[in-house]
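Take a look at the structure below.
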Amino acid sequence: MTFTEHPRLLARVAGAFYLIITAFALFAYLYVRGQVIVPSDMAQTATNILAHERLYRLGFSAATIVVICNPPMGLILHELLKVVNPRLALLALVFITVSTTIEAINLFNYISPLFTFSLPEYRSAFQASELQALARGPIRMFDYAFSVSLTFFGVFSALIGFLILRSKFLPPILGILMMAAGVTYWINCFRLFLALPVPYIPWVTLVAELSLALWLIVVGVNEAKWRAQAGASAAVR
């Protein structure tokens with residue numbers, strides 16, 4: 001049995017991974033950090049982290065699950081979409097691999113402030129203001145490193161969107177949405193890099209990725225059209 005003998009089942013597995021990634025990322029990066037981290041007030045951030053240590057650890061755990069689920073999701077989408085264009089599908093897999101690697105390394109910046117504020121060795125060696133200064137670096141670095149990972153993920157999203165648009169077994173609107181999500185990721189990232197007065201745009205990426213995840217879970221792919229396109233691709237090669 002080949003890996004893609006049941007493309008609809010694979011699509012549903014990919015959709016499940018994508019839904020987990022989206023839900024856990026929203027919890028870890030938006031909800032938890034939004035509740036705990038106050039970039040303009042390190043004293044309040046220290047208080048929040050110490051008061052909500054369990055929540056912060058749950059956020060870190062959720063972020064870890066995100067980076068664990070990214071590679072299999074990317075691999076399955078590669079296997080499904082390589083019948084459209086194998087080189088672009090491989091390139092998309094490379095970009096999500098790089099994105100996930102940076103995101104995983106950046107988790108050290110996620111958890112670092114917890115240790116800075118809670119370890120007895122730090123608390124006995126530094127004054128409160130000094131601890132806050134030490135924690136500010138990783139907190140600030142997290143946003144930049146995460147945005148670097150999202151620039152790679154944005155290319156992945158755009159490539160996946162283009163492949164979906166060219167496919168005959170998934171709705172073209174999903175491809176358009178994913179391509180728009182890729183552009184939006186770049187806008188969101190470079191507004192931070194260049195300190196541009198551009199508003200953060202979260203809804204385009206959320207709508208696009210949730211739409212793709214839910215379609216893959218509920219509908220999957222049109223197996224007859226997928227096999228026809230796979231056969232045509234094999235004949236060309």
Side-chain angles (χ1 to χ4, degrees), residues 17-71 73 95-154 156 184-203 205-206 209:
F17 274 123
Y18 215 149
L19 193 61
I20 291 170
I21 289 165
T22 303
F24 279 59
L26 288 173
F27 176 74
Y29 299 134
L30 292 184
Y31 178 74
V32 173
R33 288 183 65 83
Q35 292 290 313
V36 175
I37 303 297
V38 184
S40 61
D41 190 343
M42 284 296 102
Q44 185 60 52
T45 297
T47 300
N48 291 346
I49 288 179
L50 293 175
H52 304 289
E53 179 178 345
R54 180 56 59 87
L55 175 65
Y56 201 70
R57 288 181 178 275
L58 282 173
F60 176 77
S61 301
T64 303
I65 291 174
V66 170
V67 298
I68 290 172
C69 290
N70 264 333
M73 184 270 290
F95 269 93
I96 194 175
T97 301
V98 175
S99 172
T100 303
T101 302
I102 297 171
E103 187 178 352
I105 294 171
N106 194 36
L107 292 182
F108 291 104
N109 287 322
Y110 192 119
I111 200 65
S112 177
L114 173 62
F115 298 137
T116 300
F117 290 129
S118 64
L119 286 179
E121 295 86 350
Y122 276 82
R123 294 172 66 85
S124 62
F126 300 99
Q127 299 295 323
S129 60
E130 294 172 329
L131 289 174
Q132 293 163 24
L134 286 172
R136 184 182 293 275
I139 288 173
R140 187 67 171 163
M141 183 63 70
F142 175 86
D143 292 334
Y144 279 85
F146 187 57
S147 291
V148 171
S149 75
L150 289 182
T151 60
F152 285 89
F153 193 80
F156 163 79
T184 303
Y185 272 124
W186 270 58
I187 293 173
N188 288 340
C189 292
F190 279 90
R191 61 175 284 280
L192 174 65
F193 299 156
L194 301 175
L196 297 175
V198 178
Y200 178 71
I201 310 170
W203 300 113
T205 57
L206 182 60
E209 293 180 283

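Considering CZ of F156 and OG1 of T100, their distance stands at 8.5 Å, rounded to 0.5 Å. The structure places NE2 of H52 at 15.0 Å from CZ of R57, a figure rounded to the nearest 0.5 Å. Taking CD1 of I187 as the reference point, atom CG of L192 lies at 14.0 Å (rounded to 0.5 Å). To the nearest 0.5 angstrom, T45 atom OG1 is 8.0 Å from R136 atom CZ. Note that OG1 of T101 is 10.5 Å distant from CD1 of I96, once rounded to the nearest 0.5 Å.
Within 6.0 Å of CZ in F190 there are more than 12 heavy atoms belonging to other residues, nucleotides or ligands. Annotation for F60: atom CZ counts as buried by contact number, over 12 foreign heavy atoms lying within 6.0 Å.
Minimum heavy-atom separation, A28 to A63: CB-N, 3.7 Å. Across all non-hydrogen atoms, the minimal contact from A135 to P138 is O-CD, 3.2 Å. Closest approach of I102 to A145, counting heavy atoms only: CG2-O, 3.6 Å. Considering all non-hydrogen atoms of both residues, Y56 and I111 come closest at CE2-CA, 4.4 Å. Between L114 and S118 the shortest heavy-atom distance is O-OG, 2.5 Å. The shortest heavy-atom contact between F117 and L50 is O-CD2, 3.6 Å.
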Requested in this report: Walk me through it: do T116 and S112 pass the test side-chain contact (heavy atoms from CB on, under 4.5 Å)?
Outcome: CA-CA 6 Å; T116 300; S112 177; 4.1 Å; yes
Query raised in the report: For L150 and E103, what are the C-alpha separation, side-chain angles and deciding distance, and is it a side-chain contact (heavy atoms from CB on, under 4.5 Å)?
Result: CA-CA 8 Å; L150 289 182; E103 187 178 352; 6.0 Å; no
Query raised in the report: Between I20 and M73, does a side-chain contact (heavy atoms from CB on, under 4.5 Å) hold up when you go through it step by step?
Result: CA-CA 10 Å; I20 291 170; M73 184 270 290; over 6 Å; no
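In this structure, N48 and I37 have side chains that are not in contact, with every pair of non-hydrogen atoms separated by 4.5 Å or more. A heavy-atom distance below 4.5 Å is not found between the side chains of L58 and V32. Looking only at side-chain heavy atoms (C-beta outward), L206 and L26 come within less than 4.5 Å of each other. Using a 4.5 Å heavy-atom cutoff, the side chains of N106 and Y110 are not in contact. Residues V36 and E53 form no side-chain contact, since every pair of their non-hydrogen atoms from C-beta on lies 4.5 Å or further apart. Taking 4.5 Å as the limit, every side-chain heavy atom of E209 sits out of range of all side-chain heavy atoms of L19. In this structure, P39 and I139 have side chains that are not in contact, with every pair of non-hydrogen atoms separated by 4.5 Å or more. Contact of the T151 side chain with the F193 side chain is registered, since non-hydrogen atoms from C-beta on lie closer than 4.5 Å.
Checked against the 6.0 Å centroid threshold, Y185 and F153 count as a close aromatic pair. A distance below 6.0 Å separates the ring centres of F146 and Y29.
Although no hydrogens or angles enter the test, the distance criterion places no donor-acceptor pair under 3.5 Å between the side chain of N188 and the main chain of Y200. In this structure, the side chain of R191 does not engage the main chain of L196 through any donor-acceptor pair within 3.5 Å. Judged purely by atom type and a 3.5 angstrom limit, S99 has no side-chain atom pairing as donor or acceptor with the backbone of F152. Side-chain N or O atoms of E130 include one that pairs as donor or acceptor with a backbone N or O of Q127 at under 3.5 Å.
Of the residues V66, V67, I68, the one that meets the side chain to side chain contact (heavy atoms under 4.5 Å, CB included) test with I21 is V66.
Relative to the ring axis of F27, R33 does not place its NZ or CZ within 45° and under 6.0 Å from the centre.
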